[in-house]
K.L.:
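Please read through the structure below; I'll follow up with questions.
Ligands are counted one by one from 1 in listed order, and the atoms in each one are counted from 1 as well. All values below were derived from every heavy atom in this structure, side-chain atoms included, with hydrogens, water molecules and symmetry-related copies excluded.
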Amino acid sequence: MDDVSPLAFNQRLLEFIDASPTPWHAVDNLVQALEGAGFQSIQATDTPAPGSAVYVRAAGAVVAAITPANAIAGWRLVGAHTDSPNLRFKPNALYLQDGYLMASVETYGGVLMNPWFDRELGLAGRAVVVDASGARVTRLFDSERAVAMVPSLAIHLDREANKERTVNAEQHLNLVLGQGDDVPTLTELLMPWGLEHGDRVLAADVCAYPVQPSDIIGLAGEWLLAPRLDNLLSCFAGLQALLTASETAGEVGMLLVCNDHEEIGSQSTVGADGPLLAKCLDHWGGDWERVVEDSMMVSADNAHGLHPNYIDKHSRNQQVVLNAGPVLKVNANQRYASEPETLACMVALGEALDIPLQQFANRADLGCGSTIGPITASKLGVRTLDIGAPTFAMHSTRETAGHRDPQWLAQLLCGFYRLHDLGQTDSV
Ligand SMILES: [Zn+2]
């Protein structure tokens, strides 16, 4: 990781994002990378040998670890999330409207709705099918090309559009897929995109996603423009950190958890408020109750970079900017889980590794978003830090990150994994 340029690092990051239109695709790609590095698939309730490279996959979540070599060694935990706000088919979604084939959708998470209009949209997701042999299997599918859109209403039909237009999620976001007299079944619709001959769809998650490839932009290539940077950027940085750190594993356990459902509150079997991570820690080495004091969690999720057109949205001395380093996120009301001990640990680590860091708190008169950090901290009782790359346009169909920050974040997380004494940063 240290031996590649930021450009090479970012090209791989953007390839990962473009190949991961849904949380299930992201997990598929994370698992492929883990298997390529020798990680073995196990169950959360298995007990691997000390020092094993293992992972457990559960729908839109994955937990990967190098288990502790020593039963009393603590854990270095890094968490991120695989899901991003998007539009998803309702049941019985397909219908005809005046000769247009439409799909009714629900919004998933805190969607910024305006950017979904006039985009080239693909469809991807997972389908549970009964196959030709009668077995029930889950398949991933991806149209890999634009097959849908949500057209804007022309300004001539709404003269107040630039002042007063609001978007009604029920009425205005339904997808337009084609023209004709026929409504295909879900099996017919999804068949060319990843199903096998003889499959019949019993149930599916169908997500719309913008197909436009990610890009590197700016006069000097300063920025990455991509969908789902929140939070596939952090999943990728965490993965690179774990793979690099695992080459020189020490006594402590190193773990990466990528949860689904952060954008809708994390309460699910594979969300941070579910049982997955605690189950792994109970079985994967050491006595968690004993080692929790020597353990630490880093919750990696993007931060709000200062928007140059909306500088009043940030308060004094909180103007974090793109390409100035990962952001340590602080909230007095514990919407971010950072506390002085974990902040100090990371500040010292940044100094030791010569990686710039920024610190951020939200405006006091604005509600603060949250992350998996406070949820994991309260479930596991582990001291936690919230950190993330500064970005523009969080939850838009295209978000922006600085070209330097993702690799810095990965290098910092790698250094964190290698910390065998949380109080001694020079122990890296
Ligand atoms: Zn996020």
K.L.:
Output every pair passing ring-ring contact (aromatic ring centres under 6.0 Å, His included) with a member in residues 253-275, not counting sequence neighbours, ordered by first then second residue.
P.N.:
none

K.L.:
If you count the non-hydrogen atoms of other residues, nucleotides and ligands that lie under 6.0 Å from CD in Gln40, is the total more than 12?
P.N.:
no

K.L.:
Between the side chain of Asn29 and the main-chain N/O of His25, is any donor-acceptor distance below 3.5 Å?
P.N.:
yes

K.L.:
List nothing but the number: protein N/O/S atoms under 2.8 Å from the Zn ion (ligand 1).
P.N.:
4

K.L.:
Could you check if a side-chain atom of His420 sits within less than 4.5 angstrom of a side-chain atom of Glu251, using non-hydrogen atoms only?
P.N.:
no

K.L.:
Can you say whether the rings of His304 and Phe360 are parallel (under 30°), tilted (30 to 60°) or perpendicular (over 60°)?
P.N.:
perpendicular

K.L.:
Consider only side-chain N and O atoms of Asp83 and His81, and report whether a donor and an acceptor are under 3.5 Å apart.
P.N.:
yes

